[in-house]
Amino acid sequence: MQIWDPTYECMPREEIEQLQLERLQATLNRVHKSVTCYRKKFDNAGISPEDVQCLADLAKLPFTTKDDLRLNYPYGMFAVPLREVVRIHSSSGTTGKPTVVGYTRNDIKMWSNLVGRVLTAAGVTHDDVVQIAFGYGMFTGAFGLHYGAETIGASVIPMSAGNTEKQIMIMQDYKTTALVCTPSYAITLASRMEKMGIDPKSLSLKTGLFGAEPWSEAMRREIENRLFINATDNYGLSEIIGPGVAGECEYKCGMHLFEDAFIPEIIDPETCEVLPPGSVGELVLTTLTKEAFPMIRYRTRDITSLDYSKCECGRTIVRMRKTMGRSDDMLIIRGVNVFPSQIEEVLFDIEECEPHYQLVISKEGAMDVLEVHIEVTENIFFDEMKKQRAFLEMVAKRIHSQLGISASVKLVEPNTIPRHEGKAVRIIDNRQK
Ligand code: DLL
């Protein structure tokens, strides 16, 4: 197995930390000088870049949130004049204005290299044919993976999202070996292949790089068993860079996070206190090399934990655990905290359940009430009421015994839960309405 950038991916810890400190100090000086929002934040907190003398001092700095980006829409957080920006992307925000992010020529080079590391860790090489099935556009997913794949010399098919049958035809004809998309779209592709009578084993596909949305280990098994590929996870967000923040190696024991480019911290999302290594909490990221759009202590809202132990692959950089989901998506059902991905884990282990589900949440008094909508395979008897009831009870019981929450489970007709080409919509939240 190869490592794209062994100098940075296998650096001894003391050296990584020294590099991080130097890059952090340079970044702080730069943002203090060129970004009004940061200067004001630092001044309000009574702190100046010179006060950061060691990595632990990072905790003295204020956080940056999505609200800061909204307030400074569109270019207020840029640290360079627009004439130095060669690319603009924006995040797929569902509410309000999107957030706008920019890259200098150097940023694009750095980004491409980081994504090159992700692809290499997943086992992709210059011999691979990589089909990008993310939507090209403002979303960072397609361009990020595209440039990364070109950087390592793979052959890139910029297919974009959707057009499922054509995707499959191209996979067959162009002999695609690596597929890049959301995990939910990989399931859609597998289902369509089955419908078209195409045996995935007859394709050249070997590897999948999936990301941009939370997905469970059960979903990984489902994808691997149906597409006969090695399914790997990779993580990123537009505010930080896009894809290329972290990616899995062949051992699949967490995603290696590129610490020469980002400093991760885990905080308690309620108290904002920094938690010790290994704790589960919200990931906070600081960029160390970005020129156009540096981020200081950005609150990602993603819930995960960090593992600093050595990985068998030889990389020394920290690993972040598969994220459980966003803190915004965490449900509190009768006092129990639960993420959609945990419910997914239960559903996918039930043979009759199709890998399509939706969670509908409403409020009864002060309580969240959860309805789980599932599709079942066509061979389950829709017309036999008794069997159907027993099946629904069994699913509800499994959810209760594994997660400790009560949910009412509803059966919906096959193919009625919308299929998405990008990020799947798993939650319908009726609480605010
Ligand atoms: O989704 C960047 C990306 C593209 C990552 C392609 C990986 C592959 P945004 O649209 O800004 O950027 O959404 C970022 O998506 O904060 C997470 O909540 C979620 N997310 C991204 N990757 C993963 C993952 C891209 N592997 C938001 N697992 C993040 C779970 C993920 N959630």
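Counting starts at 1 for both ligands and their atoms, following the listed order.
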Inset, instruction - Please check if the distance between the ring centroids of H146 and F134 is under 6.0 Å. - result: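 No, too far apart.
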
Legend entry - Centroid-centroid under 6.0 Å between Y298 and F63 rings: no

Legend entry - C10 to R315 - nearest heavy-atom pair and separation: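 Of all heavy-atom pairs spanning C10 and R315, the closest is SG-CA, 4.0 Å.
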
Taking only heavy atoms of [X], which atoms of ligand 1 are found under 4.0 Å from at least one of them?
X	result
G141	4 (C), 6 (C)
N234	7 (C), 8 (C), 22 (N), 24 (C), 26 (N)
T323	28 (N), 30 (C), 32 (N)

Salt bridge check, [Y] against [X]: does any charged N sit closer than 4.0 Å to a carboxylate O?
X	Y	value
K166	D173	no
R226	E194	yes
E259	R13	yes

So, is [X] polar-close to ligand 1, with some N/O to N/O distance under 3.5 Å?
X	result
W215	no
D233	yes
S91	no
L145	no

Inset, instruction - Compare all side-chain heavy atoms of I152 with those of H126 and state whether any distance is below 4.5 angstrom. - result: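 No; the side chains remain at least 4.5 Å from each other.
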
Inset, instruction - Would you check whether K423 reaches within less than 4.0 Å of ligand 1, judged by its heavy atoms? - result: yes

Inset, instruction - Report the part of D302 in contact with ligand 1, treating N, CA, C, O as backbone and CB onward as side chain, heavy atoms under 4.0 Å; options are side chain, backbone, both, neither. - result: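 For D302, only side-chain atoms sit under 4.0 Å from ligand 1.
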
